[in-house]
J.: 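Right, I'll just put the structure down here and ask away after.
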Amino acid sequence: ASAVRAAGGTVRTGVRVAGIRTAGGRTQGITLASGREIDAPVVISSGDPRATIVDLLEAVPSGGGDFVQRWRSKDGGEGYESKVDAVITERPRPRALKDEHLAALGVDDPLHATMVVMPSMAGLKGAADAAAHGRIARRPPFLSNVPSVLDPSVAPAPGEHVFSLEVLFTPYSLDGGWSTSREPERWLEAFASLVQPGFLEGVQRWRLVGPADYERDFSMPRGHAPSFPGGPLAALLGRDRELTRYRTPVPGLFLTGAGTFPGAGVSGAPGRNAAQVVLGDLA
């Protein structure tokens, strides 16, 4: 933010973009939910590519109809993940990790900020299949996060840690609904069975952040978190060029963010790539 301001830019939060305006065949700016219009010859969206193209483009310039129609036919997806946020007093240590393993690695403390707990490949496919039918796998993939290990300043109190358990393949349209579901407790119990005793008893308080929360708080339609679906080969060949080259058929409109190459988890890379494309076009 400070870099943007130092370059003469303005950072604005707490407002929602309602539309991307075009005229004369190219981008003209954006319309806010308040009705205010902001003129800009370049608009870069780091949000959901489908929502950007299908929902926000107020008028499709000549030659962009096929592009928009192609995105209309894509499934927007729903509910990729949920998580449990908690305050804990017992740091999780995998039961299967023995002292001799640590000695061989030359480390005293096995805990890092993030721990990935994955089933077999068959289990991973089963979790995806279950989500497609409104269910959650018995052993879904987990990402266990204890950020206060790296940054003690975020710990709520001495002896406590902040903890989140991300659970992948959790559908927005869950069988039986989310309001009465016992899934969050089941996830904590399943994770506790993989770590040393005492973890579950050390959970002081927790909350669920489900697909509906992602939709409301982060503008992810139906809780869907888009991530670039291709790989290096797709990028090399330029498939879905707006996702791998960041430039759309609408002059002045660019895409970036986790929905573009190289995808989620490679923080900053899509933005840097898109910035280079935009600067090249402006030059």
J.: Tell me whether Val167 is reachable from Leu143 by hopping between hydrophobic residues (I, L, V, M, F, W, Y) whose side-chain heavy atoms are closer than 4.5 Å.
T.: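 Per the 4.5 Å side-chain linkage, Leu143 and Val167 are not co-clustered.
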J.: Between Arg247 and Asp281, is the side chain to side chain contact (heavy atoms under 4.5 Å, CB included) condition met? List the steps.
T.: CA-CA 10 Å; Arg247 186 188 294 107; Asp281 280 13; 2.9 Å; yes
J.: Measure from the side-chain N and O atoms of Ser148 to the backbone N and O of Val154, and report whether any donor-acceptor pair falls under 3.5 Å.
T.: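 It does not hold such a pair.
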J.: Write down the atom of Gly25, the atom of Pro251, and the distance for their closest heavy-atom approach.
T.: O-CD, 3.3 Å
J.: Testing the basics here: between Leu233 and Arg239, what is the closest heavy-atom pair and its distance to 0.1 Å?
T.: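 Closest approach of Leu233 to Arg239: CD2-NH2, 4.4 Å.
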J.: Donor-acceptor check, side chain of Arg16 to backbone of Ser34, threshold 3.5 angstrom: yes or no?
T.: no
J.: Spell out, yes or no, whether Val162 and Leu208 are grouped together once hydrophobic residues are joined by side-chain heavy atoms under 4.5 Å, including indirect joins.
T.: no
J.: Within a reach of under 6.0 Å around CZ of Arg207, are more than 12 heavy atoms found that belong to other residues, nucleotides or ligands?
T.: no
J.: For Ile38 and Arg12: C-alpha separation, side-chain torsions, deciding distance, then whether side chain to side chain contact (heavy atoms under 4.5 Å, CB included) applies.
T.: CA-CA 12 Å; Ile38 298 177; Arg12 182 168 301 171; 3.6 Å; yes
J.: Assigning hydrophobic clusters by single linkage (Ile, Leu, Val, Met, Phe, Trp, Tyr; side-chain heavy-atom cutoff under 4.5 Å), is Val250 placed with Leu282?
T.: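 Yes, it is one cluster - the side chains of Val250 and Leu282 are joined through contacts under 4.5 Å.
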J.: Report yes or no: do Tyr172 and Val54 belong to one cluster of Ile/Leu/Val/Met/Phe/Trp/Tyr joined by side chain heavy-atom distances under 4.5 Å?
T.: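 No: no chain of side-chain contacts under 4.5 Å links Tyr172 to Val54.
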J.: Hey, does Val146 have a side-chain heavy atom less than 4.5 Å from the side chain of Pro92?
T.: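 Yes - at least one pair of side-chain heavy atoms lies under 4.5 Å apart.
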J.: Give me the atom names and distance for the closest heavy-atom approach of Ala235 to Thr244.
T.: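 Scanning both residues, the minimum pair turns out to be CA-CG2, 3.6 Å.
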J.: Please determine whether a side-chain nitrogen of the Lys or Arg among Asp240 and Arg245 lies less than 4.0 Å from a carboxylate oxygen of the Asp or Glu.
T.: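 Here Asp240 does not pair with Arg245 in a salt bridge, since their nearest N and O are not under 4.0 Å apart.
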J.: Atom OG1 of Thr52 and atom CG of Leu255: how far apart are they, to the nearest 0.5 Å?
T.: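 Answer for the OG1-CG pair, Thr52 versus Leu255, is 6.0 Å.
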J.: Quick one: closest heavy-atom pair of Pro211 and Arg222, and the distance?
T.: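 Closest approach of Pro211 to Arg222, heavy atoms only: CB-O, 4.2 Å.
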J.: Do other residues, nucleotides or ligands put more than 12 heavy atoms under 6.0 Å from the NZ atom of Lys125?
T.: no
J.: Does any donor atom in the side chain of Thr22 or Glu58 lie under 3.5 Å from an acceptor atom in the other side chain?
T.: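 Side-chain D/A pair, Thr22 to Glu58: absent.
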J.: Does Arg138 CZ have over 12 foreign heavy atoms under 6.0 Å away?
T.: no
J.: Could you tell me whether a side-chain N or O of Arg50 sits under 3.5 Å from a main-chain N or O of Arg72, the two making a donor and an acceptor?
T.: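 Yes; judged by distance alone, with no hydrogens or angles, the pair exists.
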J.: I want to check something: taking the side chain as every heavy atom from C-beta on, are Pro140 and Phe142 in contact at a cut-off of under 4.5 Å?
T.: yes
J.: Is the centre of the Phe261 ring less than 6.0 Å from the centre of the Phe228 ring?
T.: yes
J.: On the 0 to 90° scale, with breaks at 30° and 60°, tag the Phe163-Phe191 ring pair as parallel, tilted or perpendicular.
T.: tilted
J.: Compare every heavy atom of Leu56 with every heavy atom of Ala18, then report the nearest pair and how far apart it is.
T.: O-CD2, 3.6 Å
J.: So how far is it from Phe169 CZ to Tyr80 OH, rounded to the nearest 0.5 Å?
T.: 5.0 Å
J.: What's the spacing between Ser73 OG and Gln69 CD if we round to 0.5 Å?
T.: 7.0 Å
J.: Kindly say whether Ala130 contributes a backbone atom to a donor-acceptor pair with the side chain of His133 at under 3.5 angstrom?
T.: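 No, because the side chain of His133 does not come within donor-acceptor range (under 3.5 Å) of the backbone of Ala130.
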J.: Any side-chain heavy atom of Val84 within less than 4.5 Å of one from Pro184?
T.: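 Of all side-chain heavy-atom pairs linking Pro184 with Val84, at least one is under 4.5 Å.
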J.: Working to the nearest 0.5 angstrom, can you tell me the gap between Ile88 CD1 and Glu201 CD?
T.: 12.5 Å
J.: Got Tyr214 and Lys83 here, is their nearest side-chain heavy-atom distance under 4.5 Å?
T.: yes
J.: Please evaluate residues Glu242 and Arg70 with respect to the criterion side chain to side chain contact (heavy atoms under 4.5 Å, CB included), reporting the C-alpha separation (whole Å), side-chain torsions for both, the decisive distance (0.1 Å), and the verdict.
T.: CA-CA 12 Å; Glu242 60 275 9; Arg70 174 162 58 83; 3.1 Å; yes
J.: Going from NE2 on His224 to CD on Glu81, what distance comes out if it is rounded to the nearest 0.5 angstrom?
T.: 12.0 Å
J.: Any chance you could lay out the side chain to side chain contact (heavy atoms under 4.5 Å, CB included) test for Leu188 and Trp206, step after step, and finish with the verdict?
T.: CA-CA 10 Å; Leu188 286 171; Trp206 62 268; 4.2 Å; yes
J.: For the residue pair Tyr246 / Gln276, report whether a side-chain donor-acceptor contact shorter than 3.5 Å exists.
T.: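 No.
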J.: Between Glu183 and Trp178, do the side chains contain a donor N or O and an acceptor N or O under 3.5 Å apart?
T.: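 Their side chains do not contain a donor-acceptor pair, so the 3.5 Å distance test is not met.
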J.: Take atom CZ in Arg272; do more than 12 heavy atoms of anything else shown fall under 6.0 Å from it?
T.: no
J.: CG of Asp66: more than 12 outside heavy atoms within 6.0 angstrom?
T.: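 No - once you tally the heavy atoms of other residues, nucleotides and ligands closer than 6.0 Å, there are 12 at most.
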J.: Answer yes or no: is there an ion pair linking Asp39 with Arg21, defined by an N-O contact shorter than 4.0 Å?
T.: yes
J.: So Asn273 and Thr256, do their side chains get closer than 4.5 Å, heavy atoms only?
T.: no
J.: Taking 4.0 angstrom as the limit, do Arg91 and Glu160 come out as a salt bridge?
T.: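 Answer for the salt bridge query: no.
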J.: Any chance you could measure Glu78, atom CD, to Leu174, atom CG, to the nearest 0.5 Å?
T.: 9.5 Å
J.: Would you check if the side chain of Arg139 reaches a backbone N or O of Gly123 as a donor-acceptor pair within less than 3.5 Å?
T.: no
J.: Under a 3.5 Å distance rule, please check whether Ser45 uses its side chain to pair with a backbone N or O of Gly47 as donor and acceptor.
T.: yes
J.: Hey, any chance Leu168 and Leu124 share a hydrophobic cluster, counting ILVMFWY side chains that come within less than 4.5 Å of each other, even indirectly?
T.: yes
J.: Under a 4.0 Å threshold between the charged nitrogen and the carboxylate oxygen, would Asp175 count as salt-bridged to Arg135?
T.: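 No, no charged N to carboxylate O under 4.0 Å.
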J.: Taking all heavy atoms of Pro141 and all of Ala127, pick out the closest pair and write down the distance.
T.: CD-CB, 4.0 Å
